[in-house]
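Just so it is clear: chains get the letters A, B, ... in the order the sequence lines come, proteins before strands, and each one is counted from 1.
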There are 2 protein chains.
Amino acid sequence: MSVYTPAQVADETGFSIDTLRYYERIGLLEPVSRTASGRRRFSEDDVAWLGWLRCLRDTGMPIADMLRFAELARGDDSTIPERVALLEAHERRVEEHIADLRAKRSRIRDKIAYYRSLGPA
Amino acid sequence: MSVYTPAQVADETGFSIDTLRYYERIGLLEPVSRTASGRRRFSEDDVAWLGWLRCLRDTGMPIADMLRFAELARGDDSTIPERVALLEAHERRVEEHIADLRAKRSRIRDKIAYYRSLGPA
DNA sequence: ATGTCACCTGGAGCGCACTCCAGGTCAAGC
DNA sequence: GCTTGACCTGGAGTGCGCTCCAGGTGACAT
């Protein structure tokens with residue numbers, strides 16, 4: 001059962017140490033366990049949860065929503081329907097975002113092709 | 001050759017009137033023509049350019065880069081290679097972003113499926 | 001004439017998500 | 001035993017991209 005220092009977790013999750021502290025402070029992370037001298041020791045579970053947070057954040061979920069999800073995830077099974085609802089709504093937004101990006105990427109490609117058609121330098 | 005009021009342009013482009021003024025102020029838009037009393041009258045070209053800016057914005061291009069592109073686009077044909085380079089770099093980032101979103105959307109779906117597997121409420 | 005309303009300017013303010021800082025504590029290597 | 005350096009806390013600061021405000025002007029309907 002391994003534990004990790006802040007630097008190791010930052011390295012693995014891509015969150016800065018400051019962000020890890022910030023996430024703990026606002027309650028996205030449950031209080032991380034400490035050594036006798038007060039230094040953080042992240043558990044395997046902490047790291048897994050951070051991986052999940054990264055997924056939500058990178059798909060554009062606002063901190064406020066992640067906070068709500070974290071709260072639900074700390075609750076019992078009766079919160080599962082709301083967790084599902086929250087994730088489904090998020091997933092729909094992500095899908096729309098992907099569709100929009102694809103359409104706009106194509107427009108960018110067209111512009112590049114147009115510039116190219118003006119005669120390669 | 002039609003012209004548009006700020007409200008019409010806001011409506012068509014999805015940018016707020018404040019954002020239109022802001023874009024003009026920072027030079028993303030060339031000075032928009034005015035009526036005798038100083039009100040903006042956007043041309044068809046202004047609206048088309050704003051549509052293009054929206055494409056860049058919505059695909060995550062920072063304002064600073066859009067500004068650079070705007071500058072190049074005001075230049076002569078010798079700037080075309082740099083415009084192409086800028087757009088190609090951007091397009092690559094957009095593609096990576098799409099790939100990342102797709103992978104993470106799938107992770108979100110898995111989580112939803114997992115919650116569902118725990119027994120539908 | 002009057003009221004309403006869209007619009008103008010310059011500049012201040014805001015929300016988000018961090019990021020940095022000062023001042024301090026411990027652990028380990030030389 | 002001393003230095004180095006990773007880490008601690010509370011709180012202030014930052015960057016981005018808008019967004020809002022005060023105070024004012026002009027156009028148009030009644």
Peer 1: Give a yes/no on whether any side-chain N or O of A:T5 is located under 4.0 angstrom from OP1 or OP2 of D:dC7.
Peer 2: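 Answer yes for this pair, as a side-chain N or O of A:T5 is under 4.0 Å from OP1 or OP2.
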
Peer 1: Check the phosphate of D:dC18 against B:Y23, side-chain N and O only, distance under 4.0 Å to OP1 or OP2. Yes or no?
Peer 2: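 For D:dC18, OP1/OP2 do have a side-chain N/O of B:Y23 under 4.0 Å.
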
Peer 1: For residues A:F42 and A:E12, determine if any side-chain heavy atom of one lies less than 4.5 Å from a side-chain heavy atom of the other.
Peer 2: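 Heavy-atom side-chain distance check fails, nothing below 4.5 Å.
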
Peer 1: Starting at atom CD1 of A:I63, determine the distance to atom C1' of C:dG15, rounded to an integer number of angstrom.
Peer 2: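 Going from A:I63 (CD1) to C:dG15 (C1'), I get 12 Å.
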
Peer 1: Rounded to the Å, how far apart are A:Y22 OH and D:dT14 P?
Peer 2: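 Rounding to the nearest Å, OH of A:Y22 and P of D:dT14 are 18 Å apart.
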
Peer 1: Does one side chain, of B:S16 or B:D18, offer a donor that lies under 3.5 Å from an acceptor on the other?
Peer 2: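 Judged by distance alone, the side chains do not pair up.
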
Peer 1: From C-beta outward on A:D18, which listed nucleotide comes closest to its side chain: C:dC18, C:dC20, C:dC7?
Peer 2: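 Nearest to the side-chain atoms of A:D18, counting from C-beta on, is C:dC20.
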
Peer 1: Hey, does A:R25 reach any base, or is it just sugar-phosphate, or nothing, if we go heavy atoms under 4.0 Å?
Peer 2: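 If one applies the 4.0 Å heavy-atom cut-off, A:R25 turns out to touch a base.
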
Peer 1: Rounded to the Å, how far apart are B:Q8 CD and C:dA6 P?
Peer 2: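 Rounded to the whole Å, the gap is 13 Å.
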
Peer 1: My understanding is that only one of A:K104, A:R102, A:R109 makes a salt bridge (Lys or Arg N to Asp or Glu O under 4.0 Å) with B:E91; could you say which?
Peer 2: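 For B:E91, the salt bridge (Lys or Arg N to Asp or Glu O under 4.0 Å) test succeeds with only one of A:K104, A:R102, A:R109, which is A:R109.
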
Peer 1: Starting at atom CG of A:L56, determine the distance to atom P of C:dA17, rounded to an integer number of angstrom.
Peer 2: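 Taking atom P of C:dA17 as the reference, CG of A:L56 is at 12 Å.
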
Peer 1: Rounded to whole angstroms, how far apart are CD1 on A:I26 and P on C:dG15?
Peer 2: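 Spelled out: CD1 on A:I26 to P on C:dG15 is 16 Å.
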
Peer 1: Please check if any side-chain donor atom of A:D76 sits under 3.5 Å from a side-chain acceptor atom of A:S78, or the reverse.
Peer 2: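 Per modelled atom types, A:D76 and A:S78 side chains form a pair under 3.5 Å.
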
Peer 1: Among the candidates C:dT9, D:dC8, D:dT19, find the nucleotide nearest to the side-chain atoms of B:T19.
Peer 2: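 Comparing C:dT9, D:dC8, D:dT19 against the side chain of B:T19, the answer is D:dT19.
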
Peer 1: Starting at atom CG of A:L20, determine the distance to atom C1' of D:dA6, rounded to an integer number of angstrom.
Peer 2: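 To the nearest whole Å, that distance equals 14 Å.
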
Peer 1: Let me know, please, whether B:A36 or B:S16 comes out on the 5' side of the other along DNA chain D by nearest nucleotide.
Peer 2: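 Final value for this comparison: B:S16.
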
Peer 1: Return the orientation label for the B:H97 and A:H97 ring planes: parallel under 30°, perpendicular over 60°, tilted otherwise.
Peer 2: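 B:H97 and A:H97: perpendicular rings.
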
Peer 1: Are a donor atom and an acceptor atom from the side chains of B:R83 and B:T79 found within less than 3.5 Å of each other?
Peer 2: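 Yes - a donor-acceptor pair under 3.5 Å links their side chains.
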
Peer 1: State the CH2-OH distance between A:W49 and A:Y23, to the nearest 0.5 angstrom.
Peer 2: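 Here the interatomic distance stands at 11.5 Å.
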
Peer 1: Contact class for B:F15 vs. all strands (heavy atom < 4.0 Å): base, sugar-phosphate, or nothing?
Peer 2: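 Nothing, no nucleic acid heavy atom in range.
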
Peer 1: Check every strand shown and say whether A:T35 touches a base, only sugar-phosphate, or nothing at a heavy-atom separation below 4.0 Å.
Peer 2: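 No contact.
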
Peer 1: Rounded to the nearest angstrom, tell me the gap between atom CZ in A:R21 and atom P in D:dG10.
Peer 2: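 To the nearest whole Å, that distance equals 11 Å.
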
Peer 1: Would you say a side-chain N or O of A:R40 is under 4.0 Å from OP1 or OP2 of D:dA6?
Peer 2: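 No, outside the criterion.
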
Peer 1: Between atom CE of B:M61 and atom CG of B:L87, what is the distance when rounded to the nearest 0.5 Å?
Peer 2: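 B:M61 atom CE to B:L87 atom CG measures 6.0 Å (nearest 0.5 Å).
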
Peer 1: Using five pairs at either end of the helix from C:dA1-D:dT30 to C:dC30-D:dG1, determine the angle between the two local helix axes and round it to 10 degrees.
Peer 2: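 Taking the rotation axis at each end, their angle is 0°.
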
Peer 1: Would you say a side-chain N or O of A:S37 is under 4.0 Å from OP1 or OP2 of C:dA27?
Peer 2: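 For C:dA27, OP1/OP2 do have a side-chain N/O of A:S37 under 4.0 Å.
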
Peer 1: Any side-chain N or O of B:R39 below 4.0 angstrom from OP1/OP2 of D:dG24?
Peer 2: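 For D:dG24, OP1/OP2 do not have a side-chain N/O of B:R39 under 4.0 Å.
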
Peer 1: Round to a whole Å and report the spacing from CG of A:D11 to C1' of D:dC7.
Peer 2: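 These atoms are roughly 16 Å apart.
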
